[in-house]
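One-based numbering, in listed order, for ligands and for the atoms of each. Here the structure is a predicted model, which means the values were calculated and not measured. What you see below is based on every heavy atom in this structure, not just the backbone, and it leaves out hydrogens, waters and symmetry mates.
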Amino acid sequence: MLKGRLEDDRMLTGRGRYVSDWNLPGQLYGHFLRSDRAHAEIVSIDTADALAHPGVAAVFTGADVHGVLKSLPAALPVKGRGGMELINPGRPALAHGRVRFAGDAVALIVAESALAAQDAAELVAVEYRDLPVVVSSADALAPRAPLVHDQVPGNTVLDYESGDEAAARAAFERAARVVKMDVHVSRVVGNPMEPRACLAAFVSDQYHLYTCTQGAAIMRNQLSAVLGVPPESIRVLAEEVGGGFGVRFNLYPEYCAALFAAKKLGRPVKWTGTRSEVFLADEQARDVRSSGELALDDSGRILGMRFDMVSNLGAYLAPTGPFINTIGIVNCLSGVYDVPATYARIRLALTNTAPMAAYRGAGRPIMSYALERLMDHAARELGMDPAEFRRRNFIPKDKFPYKIAAGFEYDCGDFAGVMDKALSSASWKSFNQRKNESEKRGKLRGRGMATYIEATGAGFAPHDQVELRWGDDGTITVYAPTHNHGQGHETTFAQLLSGVLGLPLESFRLRTAGPEFFIAGNATGGSRSLLAVGSVVMLAGREMVKRGLALAAEKLEAAVADIEFAQGEYRIKGTDRKVSMRDLSREGNLDIAYQNKFGATFPNGCHIAEVEVEPETGDTQIVSYIACDDAGNIINHQIVEGQVQGGLTQGAGQVFSELAVYDPESGQLLTGSFMDYAMPRAGLVDGIKLLEYPVPTRLNPLGAKGVGEAGVTGSMPALMNAVVDALQQAGVKQFEMPATPARVWRALQDVRR
Ligand code: MCN
């Protein structure tokens with residue numbers, strides 16, 4: 001049995017090539033001067049002293065790129081309420097005329113060394129005229145709020161809706177009871193281990209960008225919009241990328257500015273960002289406020305659901321920001337529940353904060369959090385067991401395919417089966433006993449549940465292309481559009497092909513972003529790599545077997561029907577006359593280019609958490625965590641386990657410690673380093689138990705659903721429900737994440753008074 005992943009040895013022994021490991025002859029180094037204020041007019045920029053600094057080759061500002069580079073793209077395939085179109089106020093590669101968040105790149109200084117560029121940045125004199133600042137979405141939508149962009153009235157780029165407003169209103173009118181809950185999914189910083197970096201070059205009329213990416217093809221298309229050249233004139237290159245988590249999906253202004261500089265100077269330009277720049281200028285995440293309500297009949301059946309949300313998209317639209325905060329949220333609008341009428345309104349607001357887009361879950365954790373918090377709250381209000389309340393409302397097994405109000409169709413699932421397995425493993429019924437034991441030790445024990453569902457697999461590109469090419473050494477290189485940056489694709493794609501071709505796992509290499517090939521398709525995101533690209537890889541393998549059969553028939557001088565294929569060899573049935581695939585590949589063309597597209601699947605699960613709160617300190621521990629997930633058929637159980645653990649830890653990080661805080665007066669990020677921003681540690685999620693409940697989908701040939709984000713979509717509501725369950729025993733009525741010791745302690749103190 002395979003132990004670990006094929007890629008581990010390379011990475012653990014320091015042989016991985018990360019972005020800042022790339023160097024090109026004659027390269028220069030870039031440093032970005034960033035705005036030290038959140039909102040101001042740029043009155044003037046004087047670069048003379050910086051240019052005179054030893055080693056400085058150039059200083060570029062917004063005025064240099066203006067009119068040469070176009071705005072970063074951001075679009076949405078749908079309209080908003082009343083036909084409203086998304087307003088994209090545009091984002092330049094370097095701020096022009098105005099800075100709109102603390103960290104906005106104002107100038108690119110290029111020099112013979114990184115230090116010279118950094119030193120010279122201090123010599124750039126920028127005169128600003130400060131403007132009023134707005135950092136929260138509530139303030140941004142308030143009447144007479146300062147405008148982040150003059151062309152965006154009310155700071156609202158889109159007023160979006162989904163579902164049936166009139167049907168939902170009718171459901172609320174006839175409801176026996178209405179339960180409401182407001183939640184804020186807090187703002188967090190993605191913080192992959194590797195800060196952003198790039199090496200930009202202009203080679204034989206082609207732009208080359210070595211950078212942190214989740215998929216070269218998508219980034220190439222985005223760059224094409226900014227550079228004004230066709231995607232064929234651009235190569236995005238990467239091998240190892242030290243974590244993506246959604247915040248490495250899009251292109252960033254710095255990459256465009258570096259490419260501009262490389263072309264202008266005729267030399268490659270390298271930039272290696274710092275952790276501070278990750279905090280200030282990476283896309284941030286979540287920050288959605290939701291007011292949710294359920295219309296209930298007197299038996300606890302849900303008649304209708306309504307959500308009113310506001311997303312804080314920051315100072316500019318990140319390319320995927322609008323999509324994630326609309327379709328990304330509503331694609332599982334009513335969760336796992338059979339609800340006749342649902343409606344959601346989402347307003348997308350601009351503020352003087354870093355742009356916001358995808359982060360593990362990309363919208364779905366917002367929906368699951370808003371809905372599953374509301375479900376636990378409603379059960380409490382009704383005096384019902386939260387599991388029983390959910391069971392009463394589940395979409396039954398025989399009702400698939402099931403179309404939800406937002407238009408998406410769930411193909412399969414067994415929500416009650418998933419929950420029953422989790423309930424039994426969590427010893428659900430004996431919770432009170434454990435609660436009493438905790439109480440004897442002076443602790444508050446809380447229990448929370450989430451029965452989440454998410455849509456995985458939707459992709460922007462119309463097709464996923466893959467190529468399988470034989471090398472002289474008998475290995476097969478797999479070219480795929482989804483970049484592998486921690487998910488183990490090198491291993492699972494090899495498993496798929498090994499299964500089809502009967503060759504050892506070590507026969508396969510994975511390449512996703514190189515200069516020597518140009519394939520189209522979707523980036524890694526939306527947990528689609530296996531179900532969509534993996535399916536295409538497997539089918540490409542089958543194509544290879546088919547093509548080899550024709551070649552083998554010719555070679556062996558036999559009829560195709562008389563030849564069988566096994567373990568990489570074609571053999572005339574019942575004889576020892578055979579030829580290997582490898583030999584055939586030397587003589588004929590066995591290389592395969594293949595494309596196809598497989599779309600959204602709906603993984604789901606039931607997560608049950610128990611926490612213990614120490615009232616004297618506010619310290620909260622996870623004492624039990626059961627995750628039972630339906631990811632369809634699974635290719636690699638160990639990788640899937642790691643993925644769920646990782647997602648779950650990110651969810652726990654957001655629930656217990658992480659929080660991006662902007663000062664409302666100045667717009668400065670107050671949590672701009674690991675001294676102020678607490679990442680989760682392994683001990684936080686000690687002792688979690690993961691269970692599988694596969695219900696294979698028919699929507700792809702693997703029967704697989706996505707799993708890369710499931711952990712976070714399930715854990716955020718389950719953990720927070722558990723914290724709130726503990727706190728409400730002490731009389732706390734309202735509590736928002738993060739449940740840091742200080743905030744928990746404060747909430748308990750407030751009710752004691
Ligand atoms: N898999 C499987 N069986 C299934 C589903 C998946 O064996 N039924 C395997 C796949 O073959 C793959 C892994 O599990 O090796 C994850 O697969 P999938 O669910 O297809 O997700 P992706 O590979 O598309 O990964 C994307 C997802 C996202 S969107 C984010 S964000 C995220 C995540 O994965 N970022 C990560 N996991 C991450 N893990 C690491 N280490 N680093 C990141 O940046």
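Contact residues of ligand 1 (protein heavy atom closer than 4.0 angstrom to a ligand atom; sorted by chain and number): Gly243, Gly244, Phe245, Gly246, Arg360, His485, Gly486, Gln487, Gly488, His489, Thr492, Thr524, Gly525, Gly526, Ser527, Arg528, Ser529, Leu530, Ala631, Asn633, Ile634, Ile635, Asn636, Ile639, Val640, Gln643, Ala704, Lys705, Gly706, Val707, Gly708, Glu709.
In terms of the side chain to side chain contact (heavy atoms under 4.5 Å, CB included) criterion, residue partners of Glu277 (sequence neighbours excluded) are, by chain and number, Phe32, Arg34, Trp271, Thr274.
Residues Phe415 and Phe400 place their aromatic rings such that the two centres sit under 6.0 Å apart.
Listed by first and then second residue, the side chain to side chain donor-acceptor pair (under 3.5 Å) pairs involving residues 324-335 are Ser311-Asn325 (not counting sequence neighbours). For the ring pair (Phe, Tyr, Trp, His ring centres under 6.0 Å) condition, the pairs that include at least one residue of residues 317-336, sequence neighbours left out, are Phe323-Phe460.
Exactly one of Asn700, Asp630, Thr601 qualifies for a side-chain hydrogen bond (donor to acceptor under 3.5 Å, both in side chains) with Lys705. That residue is Asp630.
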Legend entry - ring-ring contact (aromatic ring centres under 6.0 Å, His included) assessment of Tyr359 paired with Phe245: CA-CA 6 Å; Tyr359 174 59; Phe245 306 112; 7.1 Å; no
